[in-house]
Amino acid sequence: MTVRTRFAPSPTGMLHIGGVRTALFSWLYAKHHGGTFILRVEDTDRERSTDEATQVILDGMQWLGLTADEGPYYQTRRMDRYREVIEQWLAEGKAYRCYCTKEHLDELRARQMAAKQNPRYDGRCRECAEHREGVPYVVRFKNPLDGSVVVDDQVHGPVVFENTQLDDLIIARSDGTPTYNFCVVVDDSDMAITHVVRGDDHLNNTPRQINMLRALGATPPVYAHLPMILGADGAKLSKRHGAVSVLQYQEEGYLPSALLNYLVRLGWSYGDQEVFTLGEMIQYFDIKDVNKSASAFNPEKLLWLNQQHIMNAPASVLAVGLREQLASLDVHTEDQVMLEGVANILRERAKTLKEMAQTGLYFFREIDGYEEKSAKKNLTAEALPILQALIQSLQALPEWKAVAIHDVITAISTQFAVGMGKVAQPLRVAVCGSGVSPPIDTTVELLGRVVTLARLQRAQAFIAP
RNA sequence: GCUCCCAUCGUCUAGUGGCCUAGGACACAGCCCUCUCAAGGCUGGUACACGAGUUCGAAUCUCGUUGGGAGCGCCA
C-alpha cells in the first residue's frame with residue numbers, strides 16, 4: 001500500500017513555522033516511503049477564509065519546495081459530497097436532527113461545568129426523530145454511547161478515550177454547511193489518506209474522527225500527532241517570535257533548506273548530526289523517531305544553520321538570492337560573475353543573504369564615504385606614502401591575481417619596515433570604506449584593477465585634499 | 001472544573017536498566033590561527049522537576065506530587 005499523507009491548512013491566517021513544520025514532517029514521511037503528498041485547503045469557514053491567505057500558503061509551500069503531488073483540493077468545492085454523506089447518515093440513522101437552541105446549549109454547558117463535569121451535549125434530540133417543519137436544526141453524529149477508542153498514535157503510543165466522555169458533535173450547521181471534523185473525515189476517507197500527521201492539539205479530536213470514519217465504513221488512517229512549537233520564551237508561539245509568514249524568512253535572506261533543516265530538528269534528531277541536506281532528511285526521517293515534548297523556537301540556531309547552508313550552497317543558488325536582496329537595496333545587477341564571486345567570498349561571513357548584500361555593497365556600487373573610526377585610524381598622513389606605493393605597484397602588476405596582489409602587500413610592508421596590517425588596513429578602508437572585509441588580496445582581485453586604483457586615489461584625496 | 005498530553009544543560013537534543021563522574025549542537029567565555037571580519041580548531045561552565053517503589057544496579061521501569069500544554073464552539 002502506498003503511503004498517502006496530507007497537509008491541510010485553513011486559510012484563516014498566515015502560514016507560519018508551526019504549520020511549515022507539520023507540512024515538512026508530512027512531506028518527509030511521504031517522500032521517505034516513495035508516497036504521495038497531498039495539499040488540501042480547509043476553507044469551510046467562509047467568514048474567516050481569504051483568497052490572500054490561500055495564496056500566501058501556496059507561495060510559502062512553493063518557496064520551501066514542499067510541492068504537492070496532488071491538490072490543492074478545496075473543501076468549499078466539495079460541498080455536494082459532504083451533503084451527500086449527511087443525507088445518507090440521516091437516512092441510515094447514523095446522524096440526527098437536533099432542534100436544541102443555542103441558548104439551551106449554553107445553559108447546559110454552564111450547568112455541567114458548574115457541576116464539575118465534562119461539558120457535553122446531553123443527547124436530548126437523539127431519539128426523537130420527528131421532523132419539525134420550519135424549525136431550524138443542526139445535524140449531529142450519533143457517537144457510540146459506550147466502549148472506548150484507542151488511538152494508536154505513532155509518536156505518543158496508544159491513547160485511550162472513553163466514548164462516555166465524547167458527545168454527539170455537530171456535523172452540519174443550521175444553515176446546512178458542514179463542520180470541520182466532519183469534512184476532515186470525509187476527505188481523509190475519500191482521498192485515501194494512509195497517514196495523518198498533524199499538531200498534537202488535534203489529539204483530542206481524533207477519537208471522534210475515528211468513530212465517524214467507522215460510520216463511513218472506512219479504515220482509519222495511522223495517526224502521528226506532532227508536539228507543538230513554542231515561542232523562544234517557552235510560551236505559545238506568537239508574532240514576536242516566529243509566528244510570522246514563512247515568506248518573511250525569504251525576505252530576511254534565509255535559505256529554504258536552512259529553515260527546513262532547523263524545523264526538522266525540532267522534535268526529531270539523527271544521532272549528533274545537525275546539518276542536513278534535503279536528501280538526507282528524506283533518507284533518515286522516520287515518524288517513529290519524533291519526540292513527544294514541545295520545543296521552543298530558537299532564532300539563533302536558525303541563524304547559525306542558515307550560515308551553514310550558505311557555506312554549502314552552490315554559488316549559482318546564492319547568486320539568485322543575493323541579486324534579489326541587492327535589488328531591495330536598490331542595486332540592480334545582472335553581473336553573474338561578480339554575483340557568484342561575492343557569494344563565494346562572503347559565504348563564510350554572512351548569516352543571511354540580506355546580510356551578504358549589505359556587507360558586500362561596495363562590490364556593486366561606489367562607496368559612500370568611510371566609516372569614521374577606521375578612517376581616523378588608517379587613512380592618516382603616515383598611510384599616504386603607502387597608498388602611493390600601492391597605486392604604483394598595483395598599476396604595474398602584470399597579472400591581476402590574488403597571489404600577486406598579496407605579494408605586492410608583503411613587498412610594501414618590508415619596504416616600509418612595517419607590519420602587514422599597516423599596509424592591508426589602509427588599503428582595506430580605501431577600497432571597502434571600513435576596516436572589515438574578506439581577505440584583502442581576494443577582495444581587491446574581485447573588485448578589479450580599475451575600481452581599486454580609483455578608490456585608492458580617492459582615499460589619497462581624502463587624506464590630503 | 002473535566003478529558004487528554006508532556007517533563008535531560010538557558011535552548012534544540014543523545015540516551016530504551018550497567019558503556020553516564022550524562023554525549024553532541026546553538027548561545028556564552030577564554031585561547032590558537034590571522035592583514036580586518038569571519039570560518040575552523042582547542043578549552044570551560046551549566047541539566048536527568050520532586051518523592052516513593054522495583055532492582056545487585058535507574059535519566060532509563062511503576063506509582064504519586066508538582067509544574068507546563070492542548071481540547072471541552074452551529075472555529076478550524
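The model shown is predicted, which means the values in this text are computed figures rather than measured ones. In what follows, chains carry the letters A, B, and so on, assigned in the order in which the sequence lines appear, proteins first and then strands, with residues in each chain numbered from 1.
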- Message: Rounding to an integer number of Å, can you tell me how far A:Y121 OH sits from B:U3 C1'?
- Response: 21 Å

- Would you say A:Q307 reaches B:A39's phosphate, i.e. side-chain N/O to OP1/OP2 under 4.0 Å? yes

- Where along nucleotides 62-70 of chain B does protein come under 4.0 Å, by heavy atom, of base (B) or sugar-phosphate alone (S), with - for untouched nucleotides? --------B

- Query: Under the salt bridge (Lys or Arg N to Asp or Glu O under 4.0 Å) rule, what pairs show up with a residue in residues 179-189 of chain A, not counting sequence neighbours?
  - Reply: A:R6-A:D188, A:R40-A:D187, A:R40-A:D188, A:R78-A:D187

- Item | SB check A:R208 A:D167 (cutoff 4.0 Å) | yes

- Item | Distance, P atom - from B:C32 to B:C20, rounded to whole angstrom | 32 Å

- Message: For the P atoms, the ones on B:G24 and on B:C63, what distance do you get once it is rounded to whole angstrom?
- Response: 33 Å

- Atom CE of A:M356 and atom P of B:A39: how far apart are they, to the nearest Å? 13 Å

- Rounding to the closest angstrom, what is the interatomic distance between B:C5 and B:G41 at atom P? 43 Å

Pair up each side-chain donor or acceptor in residues 147-161 of chain A with any protein partner under 3.5 Å, not counting sequence neighbours, and list the distances.
unit_1: A:D153; atom_1: OD1; unit_2: A:H225; atom_2: N; d: 3.0
unit_1: A:D153; atom_1: OD1; unit_2: A:H225; atom_2: ND1; d: 2.6
unit_1: A:D153; atom_1: OD2; unit_2: A:V155; atom_2: N; d: 2.8
unit_1: A:D153; atom_1: OD2; unit_2: A:H156; atom_2: N; d: 2.8
unit_1: A:D153; atom_1: OD2; unit_2: A:H225; atom_2: N; d: 3.4
unit_1: A:H156; atom_1: NE2; unit_2: A:H225; atom_2: O; d: 3.3

- Got a donor-acceptor pair under 3.5 Å from the side chain of A:Q273 to the base of B:G24? no

- Item | Base of B:C37 paired with side chain of A:R349 (donor-acceptor, under 3.5 Å) | yes

- Query: Hey, does the side chain of A:T177 come within less than 4.0 Å of B:C74's phosphate (OP1/OP2), counting only N and O?
  - Reply: no

- Sugar-phosphate or base contact per nucleotide [nucleotides 45-50 of chain B; S, B, -; heavy atom under 4.0 Å]: ------

- What nucleotide, of B:G40, B:U36, B:C4, holds the atom closest to the side chain of A:V159? B:C4

- Message: If I take atom CG in residue A:N181 and atom P in nucleotide B:A76, what distance separates them, rounded to the nearest angstrom?
- Response: 9 Å

- Query: What's the closest nucleotide to the A:K301 side chain, out of B:A25, B:A38, B:G73?
  - Reply: B:A25

- Item | Nearest-nucleotide pick for A:F161, side chain only, options being B:U3, B:C26, B:C35 | B:U3

- Query: Quantified in whole Å, what is the C1' atom distance between nucleotide B:C28 and nucleotide B:U66?
  - Reply: 31 Å

- Message: Between the base of B:C74 and the side chain of A:S174, is one N or O donor paired with an acceptor at under 3.5 angstrom?
- Response: yes

- Should the ring pair A:Y82 and A:F182 be called parallel, tilted or perpendicular, given that the plane angle runs from 0 to 90° and is split at 30 and 60? perpendicular

- Query: Can you check whether A:F462 and A:Y370 have ring centres sitting under 6.0 Å from each other?
  - Reply: yes

- Under 4.0 Å between a side-chain N or O of A:R120 and OP1 or OP2 of B:C2? no

- Task: Establish, with yes or no, whether the OP1 or OP2 oxygen of B:A38 is under 4.0 angstrom from a side-chain nitrogen or oxygen of A:Q308.
- Result: no

- Message: So that I can tick it off, tell me whether A:E107 and A:R111 are bridged by a salt bridge, with the cut-off set at under 4.0 angstrom between side-chain N and carboxylate O.
- Response: yes

- What pairs with A:N211 under side chain to side chain donor-acceptor pair (under 3.5 Å), at least two apart in sequence or on another chain? A:N143, A:N163

- Message: Test of understanding: with side chain to side chain donor-acceptor pair (under 3.5 Å), list the residues that count as partners of A:N291, not counting sequence neighbours.
- Response: none

- Task: Using a strict 4.0 Å threshold on nitrogen-to-oxygen distance, state whether A:E382 and A:K422 make a salt bridge.
- Result: no

- C1' spacing across the pair B:C72 / B:C12, given as an integer number of angstrom: 32 Å

- Task: Find the distance A:K292:NZ to B:A14:P and express it as a whole number of Å.
- Result: 12 Å

